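We name chains A, B, ... by the order of the sequence lines, and we start the count at 1 in each one. Keep in mind it's a predicted model, so treat the numbers as computed, not measured.
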Amino acid sequence: MRMSKLFFQTLREAPADADVRSHQLMLRAALVRQVAAGIFEYMPLGLRVKKKIEAIMRDEMDAIDGQEIVMPVVQPAALWKRTGRWYEIGDDLARLTDRNGRELVLGMTHEEVITELAAGVINSYRQLPVMLYQIQTKFRDEPRPRGGLIRVREFTMKDGYSFHPDISSLDSYYPLVYQAYFNIFGRAGLEVIAVESDTGMMGGTMAHEFMALTEVGEDTLILCDACGYQANRQVATFVKPEDESRAEEEALPLEEVATPEVNTIAALAEFLEIPESRTAKALFLVATIEEDGQEKEQFVFAVVRGDMDLNETKLTNALKARQLRPAQVEEIRAIGAEPGYGSPVGILRDEVLLVVDDLIPRSPNLVAGANRAGWHLRNVNCGRDYQPDLTADLVAAAAGHSCPNCQAPLNAVRGVEVGNIFKLGTKYSEAMEAAFLDEDGGSAPMVMGCYGIGSGRLMASVIETNNDDNGIVWPITIAPYQLYLVSLATRRTPEVTETAEEVYAQLQDAGIEVLYDDRDERAGVKFNDADLLGIPLRLTIGARGVKNGVAELKLRRGDEIRELPLDDILKHVQAVIENEENAILDKVISEPLT
RNA sequence: CGGGGAGUAGCGCAGCUCGGUAGCGCGCUUCGUUCGGGACGAAGAGGUCGGAGGUUCAAAUCCUCUCUCCCCGACCA
């Protein structure tokens, strides 16, 4: 491709809207443009990267017997009503009505459609297992798109769905996808780690997220350097700090203490001169719980120790709740509690589901609120002063906590979720009546898995982790072009243009992807654009070199400049490209899932 | 949805406090000189100042409403 013909415009300065590095670079390098919040268009260079990423996805999906299909973006609401997600999912699901008043949705994922498709085609266990995937546009009306392509509303996703005759078939297939995912990210030059994750609205029994470690990530990961434990903060566990000396402590009498204007744990600990671990934190929430097929709202009073944070995912799971929201002040008062001074002692127990973290019964004589402003209670003891309805692990693991496997201190890092895999089980096949006849002639629902990767988010994550002050540093496997050919010709050096044209033709004929800078620009402009665009190889043809029969080769990552003989240039370039490719493939992680 | 910030030329910004009819840098066009890391000179093109309403002789500037975008939080297969 000739730069003189390329549809692009590099920007010297990043648009003020762009905050994160990858977003700035994508705009400056003319990969994408933003059309609206969370909605982007891809320009030629960006689309080439996207296509390369997707080619890798196809390759790896095909390698584990995936078969590519395409499903619609616009889907009938009826499908989503059958699984109940039409009611469960809120405003994230974009809904519309056609001219005849039919309700439609914009697909945010395709379980409903694919399950119906599979149900229509698959009748027999002989047709199983099967893996279907697509690379398709999704739309989620996110409440807050952010970070350029990190979190968007309209995006392209590779989503795959596998169908199995039984759980063991899924169990044996799942690790293949797990490895295929490492292959995809590795080949795209993105370092990721896999963490166990919550199954969330997808349902299912086991799930992993593939995370790119970067500060712009929205997820917090809990890692153990000592033993390799890795989990999303949503599900991470840890060994609760057991204080042996205190566990034996005698329960002391309840005692009210005046604490004017003290309505946070930090202020309370300071005011009473006690550690936060000697206080009880009260949290007021309202859960949506399904009971006898009916949804109802239930006030939930959660108690965790003052030095810990509630993990809402754990609480949601412990309650088997559909949803959880903070309670309103009026709701809190209605059950006899007071915001900022909440206590499990003396509330209207009939209306409240009282849930305590499993550390609370082992922590005697805590300071809790007194359910009236300006007062707290000393020596509150679970079991003596109040009886919880449920005791469970409710708190979030954090840096410094003890690893659940080896007790070493845990680390917390930020990550971007670039892919995920789920064992769905039969949630969708049952709802959609996707059954098959097994060997015994009996009917059984198919067991499903689902597997997603966002193309754009992957691209952004690669840029986020592969750039320097001058621009992007693409892994050669997904770079828009492999080689940037710079012609430094002037009007007085037609031989340079001639040579550059010859080299361009020669490299192109050999199948090398060349971006040829034939513009009438100064050297500095060309070099700076080459750096900004991040093309892995830069080959410069200048007057000096032509005179000596050489061209200069420089790698984007690195400073070394090598002179290559012009009469044998193809061989050298090919060798360097191969070398660069191998350097990336060598880093692909092989991590059998146990 | 709560909190904060911002909309003036393709991009980055000034002008707004104190109303007087829009400016700077980069980019873009033409000509000339230059030509190995974002050249120089000259001449140009380009803006209903996000939108609507109001105040005023006069509004980018003051008032009201509204739309959009960004950041933090809530939320999130």
Side-chain angles (χ1 to χ4, degrees), chain A residues 8-20 23-24 27-28 30 33-39 83 85 88-93 107-112 138-148 150-153 155 157 159-161 197-204 207-209 216 218-219 232 234 285 312-313 316 323-326 328 416-417 419-422 424 427-428 449-454 457 470-471 486-493 496 517 519-532 538 540-547 551-552 554 559 561:
Chain A
F8 86 114
Q9 167 77 86
T10 52
L11 303 175
R12 197 180 291 197
E13 291 166 293
D17 285 357
D19 203 53
V20 309
H23 190 197
Q24 293 175 346
L27 294 171
R28 289 188 51 209
R33 284 285 173 103
Q34 182 166 338
V35 179
I39 299 177
T83 59
R85 290 209 290 185
E88 282 172 37
I89 300 175
D91 293 336
D92 275 20
L93 179 62
M108 56 194 297
T109 172
H110 284 72
E111 280 78 16
E112 281 77 3
K138 316 273 187 204
F139 188 88
R140 290 181 196 175
D141 197 357
E142 292 281 353
R144 184 154 94 79
R146 68 187 93 176
I150 296 290
R151 184 174 201 77
V152 293
R153 295 195 294 171
F155 58 102
M157 170 174 266
D159 49 326
Y161 307 85
S197 66
D198 184 53
T199 51
M201 88 178 203
M202 299 298 294
H208 288 88
E209 289 170 343
V216 302
E218 299 176 83
D219 287 280
N232 193 306
Q234 291 180 318
L285 303 125
E312 291 197 22
T313 304
T316 304
Q323 283 185 336
L324 209 55
R325 64 168 173 84
Q328 310 280 324
V416 172
E417 180 187 348
N420 56 34
I421 58 179
F422 288 84
L424 285 179
K427 174 174 171 174
Y428 294 94
C450 79
Y451 321 98
I453 301 179
R457 186 182 277 189
N470 298 319
V486 182
S487 164
L488 295 183
T490 67
R491 276 171 223 169
R492 289 190 202 123
T493 58
V496 172
D517 199 341
R519 293 175 299 172
D520 182 19
E521 288 287 356
R522 320 200 100 226
V525 173
K526 296 185 179 186
F527 289 144
N528 278 306
D529 274 343
D531 287 347
L532 176 59
R538 189 186 79 194
T540 306
I541 311 284
R544 284 201 311 251
V546 169
K547 192 181 294 177
E552 291 165 16
K554 179 184 170 300
D559 300 318
I561 293 178

What's the [atom1]-[atom2] distance between [X] and [N], to the nearest Å?
X        : N     : atom1 : atom2 : result
A/Arg12  : B/C28 : CZ    : C1'   : 13 Å
A/His23  : B/C70 : NE2   : C1'   : 10 Å
A/Asn528 : B/G36 : CG    : P     : 14 Å
A/Glu521 : B/A39 : CD    : P     : 8 Å
A/Gln9   : B/G10 : CD    : P     : 12 Å
A/Leu488 : B/A39 : CG    : P     : 13 Å
A/Leu11  : B/C11 : CG    : C1'   : 6 Å
A/Arg519 : B/U29 : CZ    : C1'   : 17 Å

For the side chain of [X], counting heavy atoms from C-beta on, which of [options] is nearest?
X        : options             : answer
A/Arg492 : B/C35, B/G38, B/C69 : B/C35
A/Glu312 : B/C75, B/G37, B/G36 : B/C75
A/Pro15  : B/G36, B/C69, B/G12 : B/G12
A/Arg522 : B/U34, B/G37, B/C11 : B/U34
A/Arg491 : B/U33, B/G36, B/C70 : B/U33
A/Glu552 : B/G36, B/C70, B/C28 : B/G36

Need the pair for [N]. Rule: Watson-Crick or G-U wobble, both distances under 3.5 Å, any strand; none if unpaired.
N     : answer
B/G73 : B/C1
B/G10 : B/C26
B/G53 : B/C63
B/A39 : B/U33
B/A45 : none

Discussion item. With hydrogens left out and only the distance checked, is there a donor-acceptor pair under 3.5 Å joining A/Arg538's side chain and the base of B/G37?
Written reply: yes
Fill in: base_contact_polar (B/G25 base, A/Glu13 side chain, donor-acceptor, <3.5 Å)
yes
Could you measure between the two [atom1] atoms, the one in [N] and the one in [M], and give it in whole Å?
N     : M     : atom1 : result
B/C75 : B/U17 : P     : 42 Å
B/A14 : B/U56 : C1'   : 26 Å
B/U64 : B/C28 : P     : 43 Å
B/A9  : B/A45 : C1'   : 11 Å
B/C18 : B/C62 : P     : 9 Å
B/G36 : B/C72 : C1'   : 46 Å
B/C11 : B/U48 : P     : 14 Å
B/A42 : B/A60 : C1'   : 32 Å

Validation row: [X], [Y] side chains within 4.5 angstrom (heavy atoms):
X        : Y        : answer
A/Glu521 : A/Asp529 : no
A/Met157 : A/His110 : no
A/Thr490 : A/Thr493 : yes
A/Arg538 : A/Asp531 : yes
A/Arg457 : A/Glu417 : yes

Report which part of the nucleic acid [X] touches: base, sugar-phosphate, or nothing (heavy-atom distance under 4.0 Å, all strands).
X        : value
A/Gly542 : base
A/Arg146 : base
A/Glu218 : nothing
A/Phe155 : base
A/Asn420 : base
A/Asp529 : base
A/Gly148 : nothing

Discussion item. Check this for me: does any side-chain nitrogen of one of A/Arg85 and A/Glu111 sit under 4.0 Å from a carboxylate oxygen of the other?
Written reply: yes
Worksheet, complete the sentence: In terms of heavy-atom contacts, A/Ala551 and A/Ile541 come closest through CB-CD1, 3.6 Å
Practice prompt. List the atom of A/Pro145, the atom of A/Gly38, and the distance in Å for their closest heavy-atom pair.
Written response: CB-CA, 3.7 Å
Fill in: Phosphate-side-chain proximity, A/Arg144 and B/C75, N/O vs OP1/OP2 below 4.0 Å
no
Worksheet entry | Upstream residue (5' side of RNA chain B) when A/Thr10 and A/Glu417 are each assigned their closest nucleotide | A/Thr10
Discussion item. Need to verify one output field. Residue with the more 5' nearest nucleotide on RNA chain B, A/Asp19 or A/Ala14?
Written reply: A/Ala14
